[in-house]
Amino acid sequence: MTNQIINFEQQHKIETLRYILNSIKWAALLSLFLIVAISMSAYVRSLSAEYFDVLALMVLPVLLVSLSGLAMGIWMEREAMTQRMVLSYFLLLAAAWLFLIISLFLQASPLLGFNQYSALAGVEALVDILVVTFAIALFPKRNWMLAFIIPLMLMGLIIRMTSLPESLVFAFTKLGCFFVIIFTGQKVLAQWFDTAILRDVEKQMLVKQFRRMALIDVLTNLSNRRHFDEILHQEIRASERNRHPLSLILLDVDFFKRLNDSQGHVAGDRCLVQLAAILSEIAHRPRDLATRYGGEEFALILPETDLKGAVVIAEKLKTAIEHTRIPHATSDIAPYLTVSQGVCQWQEGIDAAAFIRSADALLYEAKKAGRNTFKTGIAKPVVSPKQACFYNAGDVEKPT
C-alpha cells in the first residue's frame, strides 16, 4: 500500500508539472491575443502616434513575458523545467498584467477615447478573463491558483469601487459568486485530475504485474525461459556492438528424478527454491540473470564476463551449494544436492540457439564425466543437421 501511495505521489507531481508547462504555452498565446485585441481597439479609434507610443510601453511587459513563455513551451526541454521556474514565470506574467490593467484604467479615457463606464466595463472584462485563465492554468496547484486570482479579483473590486462607489453591493456579490464558482470548479477539476492519475498508476502497476507474471517463474521467483530468451538475444546484440565478452552457464540438478520419486514433489520443489536462492546471490551484478530454464535445469547469463570469469562463478556456485547441504539421500555422489554445469563463452558470429546448444553440450559432458563438476568451452556454430539433432536431443539423451 505504501508503494502505491509513493508511486501515485510521484506520478501526480510529474503530471501536475506537465500540465502547468502546457499551461505556460497557451496562457502566453492568450496574452498575445488580448494584446492584439487591445491594439486593434486603439487602431479602430485612430489614435495619434503619441498615444500609440504610450500604449506600446504599457503592453511591452506583457508582450515580452508572453513571448518568453511561448519560447519556453516550444523549445525548452520539459525535464529542464522546475517548479521554481514555472512559478517565476507566472509571477512575471501576473505582474505584467497588473501593470497593464492599472495603466489602462488610469489612461483609458484620454488614451482610447472611452468614457468612464466603457473603461470600467473593458477593464473588468479583462480582469475576469485573466482570473479564469490563471484558474485553469494552475488548478492542480490550489495554493498557487488562489495566490494569483485573489489579487486580480481584489483589483477588479477596487477599480469598481473607485469608479462606481454607489454599487458596492453588486461589487461584493459579484466577487463572492465569482470566487465560489472558481473555488468549486477547482475542487471538481482537481478531483477528476487525481482520479485520472490514480487510474493511470493502477493500470501501469497492473501491466507491470502481468509482465512480471509472464517473465518470472512462480516457484523459484527467478526469470523464466521467455525472459531468458529475450535477455540472451539482447546481450548477444550488445556484445556484437561493443565486442565485450559474454558467458552462459547451464546447470542441472544431479539425480533430481530420484529425489522426486523418493521424497515427493514437495521436497523436490523445496530443493529447487533453495537452489534458486543460491543462484540469486551468485548472479548479483545488475545485468546478471539467473533463470529457471526448465524443470530442474537453470541458467546464468553473465554479461561482460569471459570464460575465466565464468569459471570463477561456477566454482563459487559449486562451493555455495556444498556449504548449503541441501539433503539428497538418493544421490550416488553425496548425501546432499549437487549440480553439473556447462560453462560457455560466446564468440562473434554465434546466434542464441547455437550458444545454448554449445552450453548444453558442455553440460552433457559434465554429466558424462561423473556429475558435480563443470565443463568449459567456447561456443561453436552447429556444423551439420546431424549435430543439431544431437544437441536438441540432449535433454532426452543425457542422464538425469
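Along the sequence shown, the residues carry numbers beginning at 1.
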Exercise for review: For S331 and L337, run side-chain contact (heavy atoms from CB on, under 4.5 Å): C-alpha distance rounded to whole Å, both residues' side-chain angles, the deciding distance at 0.1 Å, then the answer.
Suggested key: CA-CA 8 Å; S331 173; L337 183 141; over 6 Å; no
Review point. Passes ring pair (Phe, Tyr, Trp, His ring centres under 6.0 Å), H328 versus F256? Steps please.
Key: CA-CA 9 Å; H328 188 352; F256 185 74; 7.8 Å; no
Practice item. Using the side-chain contact (heavy atoms from CB on, under 4.5 Å) rule, take I249 and L363 through it: C-alpha gap first, then chi angles, then the decisive distance, then the call. Key: CA-CA 9 Å; I249 299 178; L363 173 60; over 6 Å; no
Point to revise | Audit row: H12, L198, side-chain contact (heavy atoms from CB on, under 4.5 Å) steps and yes/no | key: CA-CA 8 Å; H12 192 277; L198 181 60; over 6 Å; no
**Study point:** Intermediate values then yes/no, salt bridge (charged side-chain N to carboxylate O under 4.0 Å, His left out), K257 and E296
**Key:** CA-CA 9 Å; K257 187 176 185 301; E296 73 276 16; over 6 Å; no
Review point. Should L34 and L130 be marked as a side-chain contact (heavy atoms from CB on, under 4.5 Å) after you check the CA-CA gap, both sets of side-chain angles, and the distance that decides it?
Key: CA-CA 10 Å; L34 291 175; L130 292 174; 4.2 Å; yes
Exercise for review: Decide side-chain hydrogen bond (donor to acceptor under 3.5 Å, both in side chains) for S340 and D252; before the verdict, give the C-alpha distance in whole Å, the side-chain angles of both, and the deciding distance to 0.1 Å.
Suggested key: CA-CA 5 Å; S340 300; D252 193 275; over 6 Å; no
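Across every non-hydrogen atom of I20 and V86, the tightest pair is CG2-CG1, 3.1 Å. Closest non-hydrogen pair, V65 versus S68, comes out as O-OG, 2.6 Å. Pairing each heavy atom of A354 with each of P381, the nearest pair is CB-CA, 4.3 Å. Closest of all the heavy-atom pairs between L362 and C344 is CD1-CB, 3.8 Å. Here the shortest heavy-atom pairing between A135 and I182 reads CB-CG2, 3.8 Å. Across all non-hydrogen atoms, the minimal contact from A283 to L300 is CB-CD2, 3.9 Å.
No more than 12 heavy-atom neighbours from other residues, nucleotides or ligands sit within 6.0 angstrom of CZ on R226.
Here R285 does not pair with E304 in a salt bridge; the nearest charged N to carboxylate O distance is not below 4.0 Å. Note on E235 versus R287: salt bridge recorded, some NZ/NE/NH1/NH2 to OD/OE distance being below 4.0 Å. Comment: R18 engages E15 in a salt bridge, judged by a side-chain N to carboxylate O separation of less than 4.0 angstrom. At a threshold of 4.0 Å, the pair D254-K367 counts as salt-bridged, since one of the basic side-chain nitrogens sits closer than that to a carboxylate oxygen.
With S223 contributing its side chain and T291 its backbone, the two residues share no donor-acceptor pair below 3.5 Å. One N or O on the side chain of R292 and one on the backbone of G295 form a donor-acceptor pair closer than 3.5 Å. Looking only at distances, a side-chain donor or acceptor of K318 sits under 3.5 Å from a matching main-chain atom of N372. Formation of a donor-acceptor pair under 3.5 Å by the R325 side chain with backbone atoms of Y336 is not found in this model. With hydrogens and angles disregarded, a donor-acceptor distance shorter than 3.5 Å links the side chain of T305 to the backbone of P303. Judged purely by atom type and a 3.5 angstrom limit, N242 uses its side chain to pair as donor or acceptor with the backbone of A238.
Separation of atoms CD1 (I38) and CG (L104) is listed at 5.0 Å; rounding is to 0.5 Å.
The ring pair (Phe, Tyr, Trp, His ring centres under 6.0 Å) test applied to F374 returns no partner, not counting sequence neighbours.
Judged purely by distance below 3.5 Å, without hydrogens or angles, the side chains of S239 and W346 never pair a donor atom with an acceptor atom.
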Indicate every side-chain donor-acceptor pair of residues 271-281 with a distance under 3.5 Å to a residue at least two apart or in another chain.
from, atom 1, to, atom 2, distance (Å)
S280, OG, A276, O, 3.1

Side-chain donor-acceptor distances from residues 307-316 under 3.5 Å, at least two apart:
none

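When side chains are defined from C-beta on, R241 counts as touching R237, because their heavy atoms get closer than 4.5 Å.
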